[in-house]
Amino acid sequence: MVTEPKSSVSRPGNRITDVAGIAVGHHHRLDDEVVLASVAEPGSGWATGTTVITLPRGCATAVDVRGGGPGTRETDLLDPVNTVRGADAIVLSGGSAYGLAAADGVMRGLEEAGVGLPMDGQGHVVPIVPAAVIFDLPVGRWENRPTAEFGARALADARTDFAIGSVGAGTGARAGALKGGVGTASITFSDGPARGLTIGALVVANPVGGVVDPSTGLPWGADDLELHRLRAPKQLEIKRLAELTAKGTVLNTTIGVVATDATLSVASTRRLAMSGHDGLARAVRPAHSPLDGDTLFAVATGEKAADPDIAVDVPPGMDPDTAIVAALADASATVVQRAIVSAVVAATGVAGIPAYRDVLFSAFGDA
């Protein structure tokens with residue numbers, strides 16, 4: 001029997017869709033009974049999914065890949081030296097390399113809607129749909145992974161209000177010994193050179209590294225506890241966390257999208273993806289291993305321009321947007337870090353993989 005995972009809803013003011021024009025859709029399949037594969041025994045059941053981020057037309061899109069084992073599609077196209085400036089949608093999926101098939105369904109759906117690069121006078125288009133995947137195949141039956149239909153259904157589900165936790169591409173995700181998932185965060189600038197601009201992130205957290213400090217039971221550095229509505233958990237629960245068995249595989253990946261409403265070049269947009277990896281490294285220890293597929297996309301919708309009244313003088317010969325890009329890059333690291341933590345905090349247990357709330361329930365203050 002297929003079940004609907006318990007999930008949290010992203011909050012306005014702290015989600016990627018605070019950037020106007022961005023929408024998020026999920027499709028997943030989660031059975032009531034899912035068995036995690038071991039070295040000797042296969043898994044069973046379904047626990048995987050796909051998440052699609054739809055983008056407004058004309059946005060700048062870039063990517064930065066730091067993991068040594070990425071599973072991606074159309075990332076070379078996003079290099080600033082190449083011709084195509086942006087994408088129409090971005091796919092994040094479970095299923096390892098098999099899950100890249102989900103992007104086919106998104107392409108077909110966009111084509112039917114007439115969305116994509118116009119190629120002739122007859123209305124033919126080629127949708128640009130980059131994708132990245134996580135390794136979740138041991139969670140459930142190996143052969144149960146996303147298809148083109150998953151992508152098509154996730155595209156059809158795209159909306160401003162969306163779920164986080166063990167949903168979409170995060171359905172079978174793990175974060176060290178705990179359940180991973182989908183998380184999001186955003187920041188709107190109230191001052192400085194980026195005043196009035198918004199930047200947000202959506203991340204699928206599936207790292208082999210831990211997002212929680214085993215000595216405190218809190219996210220590394222205990223950053224943003226009020227934002228995540230956390231407090232110090234009880235010592236007995238921290239001890240239980242230390243006793244959990246770590247992930248049985250070193251194959252893993254954290255993938256995501258950073259988006260801003262700023263008007264940026266593709267090269268400057270790539271700086272946001274690069275800086276986002278700083279947030280990944282703050283939230284996950286260790287990160288960027290040779291077998292990680294850590295990949296972050298970045299999008300600049302061009303919806304807004306920086307306030308000219310607070311422009312910062314830049315020496316001749318430098319990009320005049322340098323101060324704006326620097327402020328956005330710093331915030332990119334913060335929203336990626338917060339999104340990873342929110343993914344783990346919002347996740348629910350699957351296939352016997354305990355969620356943060358299951359192990360450290362007193363950290364929520366409602367126990």
Side-chain angles (χ1 to χ4, degrees), residues 10 15-28 49-65 70-79 82 84-95 99-119 123-134 146-163 167-170 182 184 200-204 255-261 266 269-270 272-273 276 295-303 339:
S10 56
R15 61 189 184 189
I16 193 172
T17 51
D18 293 330
V19 176
I22 302 293
V24 175
H26 301 302
H27 180 69
H28 43 253
T50 298
T51 296
V52 173
I53 300 90
T54 60
L55 313 177
R57 299 189 186 195
C59 62
T61 313
V63 67
D64 191 56
V65 181
T72 58
R73 167 175 170 157
E74 295 278 41
T75 49
D76 283 353
L77 189 70
L78 302 182
D79 191 307
N82 290 331
V84 173
R85 186 173 184 273
D88 299 299
I90 296 172
V91 174
L92 308 176
S93 187
L100 292 172
D104 292 340
V106 177
M107 284 195 70
R108 287 201 297 267
L110 291 173
E111 180 188 28
E112 291 171 0
V115 176
L117 283 176
M119 304 307 293
H124 294 126
V125 297
V126 176
I128 305 301
V129 184
V133 293
I134 65 167
T147 62
E149 182 183 2
F150 277 63
R153 290 192 176 191
L155 175 65
D157 182 62
R159 63 187 70 188
T160 302
D161 296 315
F162 61 95
V167 296
V182 173
T184 192
L202 180 143
V203 176
V204 182
I255 54 179
V257 178
V258 177
T260 180
D261 51 12
V266 177
T269 302
R270 186 175 181 183
L272 306 188
T295 300
L296 291 177
F297 297 94
V299 176
T301 67
E303 178 74 19

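The two residues Pro56 and Gly21 make their nearest non-hydrogen contact at CD-O, 3.4 Å. Taking every heavy atom of both residues into account, Gly200 and Val19 meet most closely at N-CG2, 4.0 Å. Nearest approach of Pro130 to Ala87, heavy atoms of both residues: CD-CB, 3.5 Å. Across every non-hydrogen atom of Gly151 and Val52, the tightest pair is O-CG2, 4.0 Å. Across all non-hydrogen atoms, the minimal contact from Val266 to Leu78 is CG1-O, 3.9 Å. Residues Val24 and His26 approach most closely at CG1-CE1, 4.0 Å, considering heavy atoms.
Two residues are said to be in side-chain contact when any heavy atoms from C-beta on lie closer than 4.5 Å; Thr160 and Arg15 meet this criterion. When side chains are defined from C-beta on, Val129 does not count as touching Glu74, because their heavy atoms never get closer than 4.5 Å. Side-chain atoms of Met107 and Val91, non-hydrogen and from C-beta on, never get closer than 4.5 Å to each other. Using a 4.5 Å heavy-atom cutoff, the side chains of Val115 and Val125 are not in contact.
Note that CZ of Arg73 and OG1 of Thr75 are 11.5 Å apart. Values are rounded to the nearest 0.5 Å. Interatomic distance, Ile90 CD1 to Leu55 CG, rounded to the nearest 0.5 Å: 5.0 Å. Distance check, rounded to the nearest 0.5 Å: CD1 of Ile128 to CG of Asp88 gives 6.5 Å. The OG1 atom of Thr51 sits 11.0 Å away from atom NE2 of His27, with the distance rounded to the nearest 0.5 Å. Between Ile22 atom CD1 and Ile16 atom CD1 the span is 6.0 Å, to the nearest 0.5 Å. Atom OG1 of Thr17 sits about 11.0 Å away from atom CZ of Arg159, to the nearest 0.5 Å.
In this structure, Asn82 places its CG atom where more than 12 heavy-atom neighbours from other residues, nucleotides or ligands lie under 6.0 Å away.
Shown are Val167, Asp157, Leu202; of these, the side chain to side chain contact (heavy atoms under 4.5 Å, CB included) with Phe162 is made only by Leu202. With respect to Ser93, the side chain to side chain contact (heavy atoms under 4.5 Å, CB included) criterion is satisfied by exactly one of Val204, Leu100, Val133: Val133.
Of the possible donor and acceptor atoms, none in the side chain of Thr50 sits under 3.5 Å from a partner among the backbone N and O of Phe150.
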- Message: Using side-chain contact (heavy atoms from CB on, under 4.5 Å), reason through Phe297 and Ile53 one step at a time and then give a plain yes or no.
- Response: CA-CA 11 Å; Phe297 297 94; Ile53 300 90; over 6 Å; no
